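Below is one structure, written out as structure tokens; comments come after it.
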Amino acid sequence: MIRLKGKDRRLIVVSNRLPFHRFVDDSGKDVWKKAAGGLITGLEPILKKCKGIWLGWDGIRTEGIRKEDFRLVDIAEIESEEGEKACKACSYQIGCVPLTEKEFDEYYNRFSNGTLWALFHYFFEKSFIDYSAWRTYCEVNRRFAEYIHEIAEDDDIIWIQDFHLFMTPYYLRKLRPNQEIHFFLHIPFPDIDIFSILPWQDQILGSILCCNTIGFHHKQYLRNFNEAVRLYRKEKTGTKGMETLEGSVNTHFYVNPISIDFNAIDRTSRKHEVLERKKEIIRQASSPKLILGVDRIDYSKGIKERLLGMEMLLDEHPELKEQFFYYQLVVPSREDVETYIALKKEIDEIIGRINGKFATGLWAPVHYNYGTVTFEELVALYSAADVALVTPLRDGMNLVCKEYVAAHSDNDGVLVLSRFAGAIAEIKNCLPVNPYSIEDIARAIYHALHMPKTERKKRMRKMRKNIKHHNIDTWLQNCLRNFELAQ
Ligand code: GDG
């Protein structure tokens, strides 16, 4: 429960995906696998504390939409691939919203990822306009709204997350004129020149303006949004075939950068098994320095450019051969989307070329892991790494950089961070880079590898203090303060 406006209220978080994906095994039994991603990292600690419900797609593509596919499941009851422990510690409910194969393709792959993700991350040349995909996106967003309507009580706080569900507030407001509905955007809100490319900008603005609050990670995203709203209100042509609901509430906008459960990561980094694993990783790396990259596979994360920076560094500084080892963890994502398949192939080829070019005896500069690791393993990797390379070409926030800092309870380590990650506004003691400039990346790696220990420690202490102070609890409290301010 969450205390808001003098009452204890149930929280219903709504996002495209649930924190667990469902699989059906050979015997027809449901098996759940923990999913990884920034939204899950940010929101799961909140659900664990407040209980409540998390609504989203469970990962199964159905043949049609049947009533029994919508269901509420208690996390403590499900069988997960990782073993019982993963679920027994939690006790919130998940509510499954089904998607068909066609909807998965049009709503998720084509519209959410192909159109919105690309455009909102400034890759307008990759973004495409597909009317059929837009219609399916609206149908699926309406389905989410109808399911929320079915299970919600009047006093529940409905908190809709991210760009996959831009149209859900509109359909939900029609069904529930007096419900408290909030929205948080986890990706950048782009400049007006980019946003205006979208033929459905009015519908999207009209829909999210049906919410009581809208939250952003960065003040620039709010500035861009304000400009879009100003033009929308000035030139208003109507929301094209939709009843105008905008104005039914007085929407409050706010900035609140999401964070991490600092204490949980810090505590994990001090655990005996994690410290042992850290030692083992350092031994296995068998080079004086370990550099780490952790990213979901995505062109916006700048993995390719980072590898080219690494290649330039080794071309210009052959004396660095055998002096470091670069471990790149790439988390599979959007594996059905053509652009992502092509990106993976390109990354594979670049890594092959770099290793072929610089390998000596038993040493090769890049170790590449395409998959996911457990939370403990991730913390061990972070704390073993002397340098973290977090160089997205554009990122709403980026939690990996904050996790790297939280895992360094030894107060050591250097963070190289992109100027285009939302996190740069808060993390002042990193080494900032232009992620499009491979020269800049090469220079920053060189600097990071040669930074004196006293400077490393001074910077790391300051970064830790900042992130420890603005953690996931303070993020939630700030969001709730903004919910209080809303009508
Ligand atoms: C979106 C926005 C914004 C990664 N590999 C493993 C694993 N992870 C976890 C990391 C981190 C998360 O995934 C990735 O978070 P990011 O924030 O870096 O990126 P997105 O997934 O793109 O998230 C982003 C975020 O939403 C929140 O608002 O910051 O800008 O794009 O937490 O730890 N976790 C585990 N194993 C892995 O192998 N356990």
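In listed order, ligands and their atoms are each counted from 1. Since the structure is predicted, the reported quantities are computational estimates derived from the model, not experimental observations.
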(request) Classify the side-chain pair R223/N226 by whether it contains a donor and acceptor separated by less than 3.5 Å. (result) no
(message) Please tell me whether S269 and S383 have a donor and an acceptor in their side chains that are separated by less than 3.5 angstrom.
(response) no
For [X], atoms of ligand 1 separated by under 4.0 Å from a heavy atom:
{"X": "T41", "value": "11 (C), 12 (C), 32 (O)"}
{"X": "V373", "value": "35 (C), 36 (N), 37 (C), 38 (O), 39 (N)"}
{"X": "L329", "value": "38 (O)"}
{"X": "V400", "value": "18 (O)"}
{"X": "Y382", "value": "33 (O)"}
{"X": "H217", "value": "28 (O)"}
{"X": "T372", "value": "38 (O)"}
{"X": "L378", "value": "7 (C), 33 (O), 34 (N), 35 (C)"}

(message) Check contact between F120 and ligand 1, using heavy atoms of the residue and a distance below 4.0 angstrom.
(response) no
(message) For K34, state whether at least one heavy atom is located under 4.0 Å from any atom of ligand 1.
(response) no
(request) Check for a donor-acceptor pair, side chain of K344 on one end and backbone N or O of T339 on the other, with a separation under 3.5 Å. (result) no
(request) Report the part of F163 in contact with ligand 1, treating N, CA, C, O as backbone and CB onward as side chain, heavy atoms under 4.0 Å; options are side chain, backbone, both, neither. (result) neither
(message) Counting only heavy atoms closer than 4.0 Å, does ligand 1 sit against the backbone of L399, its side chain, both, or neither?
(response) both
(request) Establish, yes or no, whether a centroid distance under 6.0 Å links the rings of W57 and F144. (result) no
(request) Salt-bridge test for D295 and K301: reply yes if a basic N is under 4.0 Å from a carboxylate O, no otherwise. (result) no
(message) Taking D156 first and then R9, would you say they form a salt bridge - that is, a charged N and a carboxylate O separated by under 4.0 Å?
(response) no
(request) Write out the residue and atom name of the closest protein heavy atom to atom 8 (N) of ligand 1, then the distance separating them to 0.1 Å. (result) A36 CB, 4.0 Å
(request) Name the closest protein heavy atom to atom 30 (O) of ligand 1, giving the residue it belongs to and the distance to 0.1 Å. (result) D395 OD1, 2.5 Å
(request) Out of K301, H186, M397, indicate the one that has the non-hydrogen atom closest to atom 20 (P) of ligand 1. (result) K301
(message) Could you tell me if K48 sits above the aromatic ring of Y92, with its cationic atom closer than 6.0 Å to the ring centre and no more than 45 degrees from the axis?
(response) no
(request) Hey, can you tell me if Y368 and Y370 have their rings parallel, tilted or perpendicular (30° and 60° cut-offs)? (result) tilted
(message) Walk me through whether D266 and R464 qualify under salt bridge (charged side-chain N to carboxylate O under 4.0 Å, His left out).
(response) CA-CA 10 Å; D266 177 64; R464 286 177 62 78; 2.8 Å; yes
